[in-house]
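These notes are about the structure you will find just below.
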Protein chains: 2
Amino acid sequence: MSKPHKSITAQDVADYAGVSRAVVSRALSDNGSIAPETKAKVIAAARALGYQVNFLAQGLNRKRSQLIGVVVARIKDPFRSSLLEGLIHTIQRRGYQALVTEVGSEKDLESTLRQFTQFRVSGVIVTSGQPPAALVDECVQFKIPVVGINRHLDIPAVDFVCSDNQQGAALATAQLLESGCHSFAWLNCQSSTWAGIQRGVAFEQTLARARHAPKSLKRIIADQDGYDGGEAAALAFDLSQGLPDGIFCANAQLACGFLDGMRQRGFDAPKDFHLIGFDNTPQTAQYSYRLTTLNQDIPALCSEVLNCLESRNKSPNQAARLITVPVSLVLRHTSPDIHLG
Amino acid sequence: MSKPHKSITAQDVADYAGVSRAVVSRALSDNGSIAPETKAKVIAAARALGYQVNFLAQGLNRKRSQLIGVVVARIKDPFRSSLLEGLIHTIQRRGYQALVTEVGSEKDLESTLRQFTQFRVSGVIVTSGQPPAALVDECVQFKIPVVGINRHLDIPAVDFVCSDNQQGAALATAQLLESGCHSFAWLNCQSSTWAGIQRGVAFEQTLARARHAPKSLKRIIADQDGYDGGEAAALAFDLSQGLPDGIFCANAQLACGFLDGMRQRGFDAPKDFHLIGFDNTPQTAQYSYRLTTLNQDIPALCSEVLNCLESRNKSPNQAARLITVPVSLVLRHTSPDIHLG
DNA sequence: TTGAAAGCGCTACCAT
DNA sequence: ATGGTAGCGCTTTCAA
């Protein structure tokens with residue numbers, strides 16, 4: 001049982017190794033020239049003493065911590081938690097640490113971004129909310145790179161990484177058309193994310209461009225997001241003009257809810273309609289749903305995000321980039337593979 | 001468009017307000033005596049200049065950052081992401097920031113804990129893995145409080161906050177007995193968490209203590225955790241001796257998978273058996289599952305966790321505590337309320 | 001290659 | 001109540 005000891009500093013290591021503090025710093029950070037044997041000696045000393053760099057002091061000096069700020073919202077939503085998991089994993093793999101902040105409102109985002117700068121983070125990842133230009137400007141002034149996921153605003157010096165919503169919509173449209181669907185519906189919620197809106201627009205466009213005669217397209221707008229929103233939308237759906245037979249959903253949660261809502265009214269997919277959702281969440285693979293979905297490549301998204309961060313750390317003034325990550329169609333029960341049928 | 005400006009320091013505020021740096025520090029931290037009007041003057045100056053404390057410098061000085069380290073694993077698991085959401089929310093509400101680290105193995109935990117100390121975190125929350133005594137000792141030496149959730153080891157100076165597994169098992173047993181179940185089963189996975197094991201033990205004990213004759217109890221051990229594990233266990237279940245009619249699950253994911261697995265074999269709850277799971281995850285409320293579960297009071301858990309942290313920061317040498325948080329039974333379709341039946 | 005020394009921005013102690 | 005000042009532990013010139 002050791003006493004509450006004073007923590008070991010670089011000076012202790014220096015004394016132990018018989019060198020100066022400066023040499024210790026160089027030995028441990030590969031920065032500045034140092035004789036190989038001196039370096040080995042210092043590293044041995046550091047190990048012997050159990051020396052740990054004080055990140056606070058290091059960051060204060062370097063004017064940059066090895067922290068990366070991550071802005072999230074509604075973590076318990078399945079897709080978001082998968083994305084967060086991927087981000088944290090990637091952040092750690094690249095030698096950083098994740099400073100995770102949950103925001104409820106745009107106003108939260110403001111103070112959050114401010115706190116990030118106060119910690120001199122090496123980068124900021126925004127997965128929710130729209131960074132107010134003024135605040136981003138503040139980050140830019142601190143030379144802190146900012147990157148957004150699955151959203152895109154035209155903010156100077158801010159990069160964005162997005163799943164390919166166009167391609168997703170095209171894949172879904174093709175699948176529904178090939179399956180012989182005639183009347184279509186698009187399901188989204190009010191207060192949709194930017195990505196959701198894009199998907200809807202792309203769906204309408206792809207459908208309009210389809211070779212054969214124009215198809216009917218109904219827009220279903222749920223009052224709220226998530227499973228509950230989708231379920232309520234299904235329960236409230238006006239069936240007097242029949243049920244569309246090809247339905248595309250802005251996200252998987254809405255889709256699962258919609259499916260369950262329709263089941264409560266005696267309809268089911270693929271018997272009565274085809275259903276495709278975005279976001280291949282674990283739940284969509286389960287026996288009770290087996291939802292055909294568009295898979296977002298989370299590892300690729302995360303990897304690109306960190307590439308952006310690191311690249312902009314090197315050259316802060318490069319033009320803002322928009323990186324698009326391909327999606328893929330996962331065929332399951334709610335709109336089966338016609339080639340297997 | 002402002003230039004990459006030098007950041008504003010306490011000295012700038014001091015100059016602007018016509019006072020010394022020390023006064024600025026006092027004005028902003030309520031620490032040390034200061035004339036009300038001076039304080040107001042400083043605060044006005046700080047606001048005018050847009051001054052932001054440098055947390056790195058502050059932490060270096062105070063020997064403590066306002067960071068709280070959170071150790072998690074498999075974030076995308078529904079209960080875990082809900083818990084993480086609660087933790088982050090609570091951490092922020094109390095004026096800290098969450099440093100979130102994902103661990104895969106015990107070895108990860110070691111380096112993680114070390115990194116936390118390097119950031120001089122104000123506390124460590126362990127939601128996964130078992131903190132190795134030696135490392136915890138290191139934290140203790142830095143006077144960093146450590147608290148674990150839903151696990152309990154007898155480590156000096158480490159507090160634990162747990163949902164009441166005993167009570168949960170008792171509630172489940174009572175419900176199953178009152179519903180007239182005769183043969184029972186306990187479903188868990190190999191490599192279960194500490195909490196899962198506790199629940200199983202408590203279930204067996206409660207059942208054994210039940211007033212009427214001893215009941216049959218079968219243990220089903222899935223090869224893996226989660227939905228897939230539960231489903232596989234159901235598909236592999238030996239039906240030659242019939243299906244138990246009262247089944248209790250270590251967690252909701254296993255339960256959902258088991259239910260779906262049984263459905264694939266033509267059985268369903270509550271028709272053929274009653275099913276109760278732990279963890280009231282959002283998914284269990286959905287129409288396709290409507291699982292009777294034991295609800296963990298996440299806000300209460302999180303609140304207690306931070307209470308422990310703050311309390312131990314005040315008096316580091318107090319005895320280790322184990323705080324138990326009540327659970328509640330949420331009656332749904334897979335084991336309905338008999339009083340409504 | 002190495003060491004001395006000047007900060008990084010802040011807090012806290014000690015005089016005043 | 002206020003101001004001067006000595007660090008916190010580290011990095012990074014600049015000389016030697």
Side-chain angles (χ1 to χ4, degrees), chain A residues 5-43 45-46 49-67 114-115 117-122 142-143, chain B residues 5-43 45-46 49-67 114-115 117-122 142-143:
Chain A
H5 65 173
K6 252 188 71 54
S7 55
I8 296 133
T9 74
Q11 184 64 61
D12 298 329
V13 178
D15 294 346
Y16 187 97
V19 296
S20 77
R21 230 166 51 223
V23 172
V24 174
S25 178
R26 281 176 212 132
L28 269 45
S29 66
D30 282 320
N31 206 3
S33 56
I34 184 173
E37 50 194 26
T38 314
K39 179 167 175 173
K41 190 171 57 179
V42 171
I43 288 177
L49 265 46
Y51 171 68
Q52 311 283 127
V53 179
N54 180 326
F55 288 149
L56 264 15
Q58 183 181 72
L60 176 58
N61 242 292
R62 300 225 241 244
K63 299 184 184 323
R64 208 138 248 56
S65 65
Q66 34 148 324
L67 256 24
R114 187 155 286 136
Q115 295 190 316
T117 66
Q118 296 183 265
F119 270 114
R120 300 292 186 267
V121 296
S122 289
F142 277 106
K143 294 222 181 299
Chain B
H5 64 172
K6 253 188 67 55
S7 55
I8 297 133
T9 74
Q11 185 64 63
D12 298 328
V13 178
D15 294 347
Y16 187 97
V19 296
S20 78
R21 232 167 49 227
V23 172
V24 173
S25 178
R26 279 176 217 136
L28 270 46
S29 66
D30 283 321
N31 207 1
S33 55
I34 185 173
E37 51 194 25
T38 313
K39 178 167 177 173
K41 192 170 55 177
V42 172
I43 288 177
L49 265 46
Y51 171 69
Q52 312 281 125
V53 178
N54 180 326
F55 288 148
L56 263 17
Q58 184 180 75
L60 176 58
N61 247 291
R62 302 227 245 242
K63 301 186 182 323
R64 208 137 245 59
S65 66
Q66 34 148 324
L67 255 24
R114 188 156 283 136
Q115 294 190 317
T117 66
Q118 295 183 265
F119 270 116
R120 300 292 187 269
V121 297
S122 289
F142 277 106
K143 294 221 182 302

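Worth knowing before you read on, the calculation uses all heavy atoms, side chains too, and leaves out hydrogens, waters and symmetry mates. By convention in this document, chain letters (A, B, ...) are assigned in the order of the sequence lines, proteins followed by strands, and residues within each chain are numbered from 1. Being a predicted model, the structure only gives us computed values, none of them experimental.
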Nearest-angstrom distance from the residue atom [atom1] of [X] to [atom2] of [N]:
| X | N | atom1 | atom2 | value |
| --- | --- | --- | --- | --- |
| A/Q66 | D/dC10 | CD | P | 13 Å |
| A/N61 | C/dC8 | CG | P | 9 Å |
| A/L28 | D/dT11 | CG | C1' | 12 Å |
| B/K63 | D/dG7 | NZ | P | 12 Å |
| B/R64 | D/dG9 | CZ | P | 12 Å |
| B/N54 | D/dC8 | CG | P | 18 Å |
| A/L56 | D/dC10 | CG | P | 11 Å |
| B/R120 | C/dT11 | CZ | P | 17 Å |

Measure the spacing between [atom1] of [X] and [atom2] of [Y] and express it to the nearest 0.5 Å.
| X | Y | atom1 | atom2 | result |
| --- | --- | --- | --- | --- |
| B/F119 | B/L67 | CZ | CG | 7.0 Å |
| A/F55 | A/L60 | CZ | CG | 14.5 Å |
| B/T38 | B/I43 | OG1 | CD1 | 11.0 Å |

Hey, does [X] reach any base, or is it just sugar-phosphate, or nothing, if we go heavy atoms under 4.0 Å?
| X | result |
| --- | --- |
| A/Y51 | sugar-phosphate |
| A/V53 | sugar-phosphate |
| A/S25 | base |

Under 3.5 Å side-chain donor-acceptor pair for A/Q58 and A/N54 = no

Taking all heavy atoms of [X] and all of [Y], pick out the closest pair and write down the distance.
| X | Y | result |
| --- | --- | --- |
| B/R114 | A/Q52 | CG-NE2, 2.6 Å |
| B/A45 | B/V13 | CB-CG1, 4.0 Å |
| B/K143 | B/R64 | O-NH2, 3.2 Å |
| B/V53 | A/Q118 | O-NE2, 2.8 Å |

Of the listed nucleotides [options], the one nearest the side chain of [X]:
| X | options | result |
| --- | --- | --- |
| B/L60 | D/dC8, C/dA4, C/dC10 | D/dC8 |
| B/R62 | C/dG9, D/dG9, C/dT11 | C/dT11 |
| A/Q58 | D/dG9, D/dC8, D/dT11 | D/dT11 |

B/S122 side-chain N/O to B/S65 backbone N/O, donor-acceptor pair under 3.5 Å | yes

For DNA chain C, what residues of residues 29-42 of chain A have any heavy atom nearer than 4.0 Å?
-> A/S33, A/I34, A/A35, A/T38

Using a heavy-atom distance cut-off of less than 4.0 Å, which residues of residues 10-21 of chain A contact DNA chain C?
-> A/V19, A/S20, A/R21

Has the side chain of B/R26 got a donor or acceptor atom sitting under 3.5 Å from an opposite partner on the base of D/dG3?
-> yes

B/Y51/B/L28 under side-chain contact (heavy atoms from CB on, under 4.5 Å): CA gap, chis, key distance, verdict = CA-CA 11 Å; B/Y51 171 69; B/L28 270 46; 3.3 Å; yes

